[in-house]
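Just so you know, residue 1 is the first one in the sequence shown, and it goes up from there.
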Amino acid sequence: MDPLGRGASLFHLSDSCVGQILNYFDNKGFLHGFANLHRLSRRSRRLADAAFCMRQAVDASGCTLLKDAAAARFARCTALQSVNFGGCDKLTYRAAEHLARCACLQSVNFGECYKLTDRAAEHLARCAALQSVNFFDCGKLTDRAAEHLARCACLQSVNFGDCYKLTDRAAEHLARCACLQFVNFGECYN
């Protein structure tokens, strides 16, 4: 019976929540000498890491301080299907290189990630389940990016809007994609 009469107690908290509480008190010096609590805290961190790795979607859009190392951490999520890194302008092709390890990855938004090059598309092309890619306003991309993505058998949607270095060759490459339903080449003047 809950002594507070609220229907919840410390025993109903998740292990990760208990771990965070214990870490707080440990950092304040309140838990010295309690070895079992420290072990529980380590166990909770492992469980929190395991829960993190089961994540299916990540939305870090607009996180302008996000770097490639964060993408490496997200790539540990074995069930990851969707990533939104739109506006994360510090990311490079290495972010895509990390994400290419995600076997279930279906959708990626790299819109306004200005440092991305064709190598990002080259890495993403290794994702067998990839269906949707957004490279809006990634001005360093060329026709080679479309050539790489054309190898994606499941590709249904590509946004190359404002990728001004693309030419008609990009459309020719993507025409080979049997499942392709949507392509945006808006503001691609070549």
Side-chain angles (χ1 to χ4, degrees), residues 50-64 66-190:
F52 176 84
C53 289
M54 294 307 297
R55 199 176 280 274
Q56 292 183 347
V58 171
D59 183 5
S61 58
C63 295
T64 57
L66 197 74
K67 295 185 179 178
D68 296 332
R73 179 150 168 80
F74 290 127
R76 291 178 37 216
C77 302
T78 55
L80 192 62
Q81 296 176 9
S82 175
V83 176
N84 183 354
F85 285 151
C88 300
D89 56 3
K90 289 189 177 24
L91 295 180
T92 70
Y93 74 90
R94 293 197 184 278
E97 182 178 25
H98 296 304
L99 292 176
R101 296 190 306 240
C102 301
C104 300
L105 192 62
Q106 297 174 9
S107 175
V108 179
N109 179 2
F110 277 124
E112 297 178 336
C113 293
Y114 307 116
K115 294 183 178 184
L116 290 186
T117 63
D118 295 338
R119 291 185 73 185
E122 180 180 6
H123 291 296
L124 289 178
R126 296 193 326 243
C127 299
L130 192 64
Q131 297 174 13
S132 175
V133 180
N134 181 356
F135 281 128
F136 176 80
D137 204 13
C138 295
K140 292 185 176 186
L141 297 183
T142 70
D143 295 340
R144 296 275 300 164
E147 183 178 4
H148 294 305
L149 290 178
R151 295 194 312 253
C152 298
C154 300
L155 193 63
Q156 297 175 13
S157 173
V158 180
N159 185 352
F160 279 126
D162 276 355
C163 295
Y164 58 89
K165 291 185 178 181
L166 296 179
T167 69
D168 291 345
R169 294 282 300 150
E172 292 170 13
H173 293 305
L174 292 175
R176 297 193 312 249
C177 298
C179 298
L180 197 62
Q181 298 172 14
F182 172 82
V183 179
N184 179 17
F185 287 117
E187 305 299 320
C188 295
Y189 299 113
N190 293 323

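For Ala100 against Cys127, the heavy-atom pair with the smallest separation is CA-SG, 3.7 Å. Here the shortest heavy-atom pairing between Cys138 and Leu116 reads SG-CD1, 4.2 Å.
Side chains of His98 and Phe74 form no contact here, defined as non-hydrogen atoms less than 4.5 Å apart. A 4.5 Å side-chain heavy-atom check between Phe110 and Asn134 finds every atom pair outside the cut-off. By the 4.5 Å heavy-atom criterion applied to side chains, Leu174 and Phe185 are counted as neighbours. With a 4.5 Å cut-off on side-chain heavy atoms, Phe160 and Asn184 do not count as touching. Looking only at side-chain heavy atoms (C-beta outward), Leu155 and Val133 come within less than 4.5 Å of each other. Under the 4.5 Å side-chain criterion, counting only non-hydrogen atoms from C-beta, Cys154 is not in contact with Cys179.
A distance of 11.0 Å separates SG of Cys102 from CG of Leu130, quoted to the nearest 0.5 Å. We find the OG-CG distance between Ser157 and Leu180 to be 7.5 Å, quoted to the nearest 0.5 Å. Separating the CD atom in Gln56 from the CD atom in Gln106 is a distance of 9.0 Å, to the nearest 0.5 Å. With rounding to the nearest 0.5 angstrom, the CZ atom of Arg126 is 6.5 Å from the CD atom of Glu97. Remark: Lys140 NZ to Tyr164 OH distance equals 9.0 Å, nearest 0.5 Å. Within the model, atoms SG of Cys113 and CZ of Phe136 stand 12.0 Å from one another, a figure rounded to the nearest 0.5 Å.
In this model, a donor atom of one side chain and an acceptor atom of the other lie less than 3.5 Å apart for Asp118 and Thr142.
When each of Asp68, Asp89, Leu91, Thr92 is checked for a side chain to side chain contact (heavy atoms under 4.5 Å, CB included) with Lys115, only Thr92 meets the rule. Applying the side chain to side chain contact (heavy atoms under 4.5 Å, CB included) test between Ser61 and each of Leu66, Val83, Asn84 identifies Asn84 as the sole match.
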